[in-house]
Amino acid sequence: MIEIIGENMNNIDTVIHAQGLMFIYIGIGFLCRKLNITDDHVENKLTAALMNIVFPCMIFTAMANILGSTKLSDVLVAIIICIGLVLFSYGLGFLLYRKAPRKKRAVLIYSVLSSNAGFVGIPILAAIYGDTGVLYAAIYMAVIRVFTWTVGLKLYVHGEQHALRRIIVNPNNIAMVLAVVFQCLNIRLPNMMIEVMEEVGGISTLFCMVIVGSIVSSSFRFKRMLTPVAYWYSALRLLAIPLLTHFILTWLGIDATITGSMVILVAAPAPIMACVFAARYNADKELAVLLVLVSTMLSLVTQPALIYLCNI
């Protein structure tokens, strides 16, 4: 019993440490914008580097490390669960926010459908479950990405055709496919290349939070921090959906690692992509930033509690 409590405390310490670093990185991004080191152009370039280089490197190395020792049945179960979770989240968000003003409705529904799992969930899962957790995060992100560029984008844009090509050629999806192909064909990359990819993938958290800090500095009014909708949303995103996910998956007898990974992923704060979409398609950008800030701040309390719940 003492050993289990000690392990949970170590996991919680890891989460608090990781979340604390994230706020420091946000502060760095905030300072960079104030000093005119970053601007909208730099933010766009950093985001492009993150999505097209950094994340694919992280996903490929994690999947290459774990695929050989992970049961195919566990992967298939994870895929089915991820699709079910995203469909449920979208339906819940639509039910709750369908009558909100258009510019707010898109931000709120998409922020329930998705989460900041790619930016926040991966580092935490890597610390708790290792490469297995990162693999499940990659699966969840792939499902989220499909919904983001179809259903999610449709929330912001009316009457625009969405090309399937944007999903197929996404570098993160390509990284997942290549990892599977290399594993099936027993292809081994040079150790130096693997080391470089691991180093590049390791800077993801810094990149993400600096971008958020820069966005906050450029467009956010802090008096909006008291807006009630952000706290109702956070209760839904950080507590209601994760607790329901834990209850259902535990009741179904799903593997504890899969259950814990899914709970942590759906318990991640609001997605940064909500800010990106809002800025690009003239939705409520300040509301998107507000949801990210408030939910990220509150997740310092909720995520350690949920990790403890998943490991007792």
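Positions are given from 1 along the sequence. Below, all heavy atoms of this structure are taken into account, side chains as well, without hydrogens, waters or symmetry copies.
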Legend entry - Atom pair CG (Asn191) and CD (Glu198), whose distance is rounded to the nearest 0.5 Å: 9.5 Å

Inset, instruction - Taking side-chain contact (heavy atoms from CB on, under 4.5 Å) as the test, write out the residues that go with Ile80, two or more places apart. - result: none

Legend entry - Residues that Tyr110 engages under side chain to side chain donor-acceptor pair (under 3.5 Å), provided they are two or more places apart: Thr148

Legend entry - Evaluation steps, side chain to side chain contact (heavy atoms under 4.5 Å, CB included), between His246 and Leu306: CA-CA 9 Å; His246 182 270; Leu306 289 167; over 6 Å; no

Legend entry - Same apolar cluster (I L V M F W Y, side chains within < 4.5 Å links), Leu265/Leu252: yes

Legend entry - Non-neighbouring partners of Ala278 that pass side-chain contact (heavy atoms from CB on, under 4.5 Å), sequence neighbours left out: Val107, Tyr156, Ala283, Lys285, Ala288

Inset, instruction - Taking the side chain as every heavy atom from C-beta outward, state whether Pro269 and Ser299 have any atom pair closer than 4.5 Å. - result: yes

Legend entry - Minimal non-hydrogen separation, Val200 against Cys57, with atom names: CG1-SG, 4.0 Å

Inset, instruction - Enter the distance from Gln303:CD to Thr296:OG1 here, rounded to the nearest 0.5 Å. - result: 9.0 Å

Legend entry - Donor-acceptor contact present, side-chain Arg105 to main-chain Leu155, <3.5 Å: no

Inset, instruction - Could you tell me whether Asp284 and Lys104 have a side-chain N and a carboxylate O separated by less than 4.0 Å? - result: yes

Legend entry - Connected via hydrophobic side-chain network under 4.5 Å: Leu178 and Met192: no

Inset, instruction - For Ser114 and Ile144, work out which heavy atoms get closest and say how close. - result: OG-CG2, 3.5 Å

Legend entry - Nearest heavy atoms of Thr38 and Val42, plus distance in Å: CG2-CG1, 3.8 Å

Taking only distance into account, with no hydrogens and no angle test, what donor-acceptor pairs under 3.5 Å do side-chain atoms of residues 82-101 form with protein atoms, sequence neighbours excluded?
from, atom 1, to, atom 2, distance (Å)
Ser89, OG, Leu85, O, 2.9
Arg98, NH1, Leu95, O, 2.4

Legend entry - Asp255 side chain reached by Val77 side chain, heavy atoms, under 4.5 Å: no

Legend entry - Closest heavy-atom pair and its distance - Ala268, Ala117: CB-N, 3.7 Å

Inset, instruction - Indicate if Tyr233 and Tyr231 have the same hydrophobic cluster label, given that clusters are the connected sets of ILVMFWY residues with side-chain heavy-atom separations under 4.5 angstrom. - result: yes

Legend entry - Residue pairs passing the salt bridge (Lys or Arg N to Asp or Glu O under 4.0 Å) test where at least one lies in residues 21-35, sequence neighbours excluded: Arg33-Asp40, Arg33-Glu43

Inset, instruction - Any chance you could measure Leu108, atom CG, to Lys103, atom NZ, to the nearest 0.5 Å? - result: 14.5 Å

Inset, instruction - Spell out, yes or no, whether Trp251 and Ile254 are grouped together once hydrophobic residues are joined by side-chain heavy atoms under 4.5 Å, including indirect joins. - result: yes

Legend entry - Ile81 side, atom CD1; Thr245 side, atom OG1 - distance, nearest 0.5 Å: 9.5 Å

Inset, instruction - Check each of Pro271, Ser234, Ser111 against Ser295 using the side chain to side chain contact (heavy atoms under 4.5 Å, CB included) test, and report the only one that passes. - result: Ser234

Inset, instruction - For Phe182, check ring pair (Phe, Tyr, Trp, His ring centres under 6.0 Å) against everything at least two apart and list the hits. - result: Phe60

Inset, instruction - List the steps, then state whether side chain to side chain contact (heavy atoms under 4.5 Å, CB included) holds for Leu243 with Val263. - result: CA-CA 8 Å; Leu243 288 174; Val263 169; over 6 Å; no

Inset, instruction - Work out which heavy atom in Arg237 is nearest to a heavy atom in Val112; give both atom names and the distance. - result: NH1-O, 2.7 Å

Legend entry - Candidate pair Ser115 and Tyr140, rule side chain to side chain contact (heavy atoms under 4.5 Å, CB included), full reasoning: CA-CA 10 Å; Ser115 73; Tyr140 180 78; 3.9 Å; yes

Legend entry - Value rounded to 0.5 Å, distance of CG in Leu189 from OG1 in Thr61: 10.5 Å

Legend entry - Over all atoms of both residues, closest heavy-atom pair of Ile139 and Ala78: CD1-CB, 4.1 Å

Legend entry - Straight-line distance of Leu113 CG to Phe147 CZ, nearest 0.5 Å: 7.0 Å

Legend entry - Within one Ile-Leu-Val-Met-Phe-Trp-Tyr cluster: Trp232 and Leu239, side-chain cutoff 4.5 Å: no

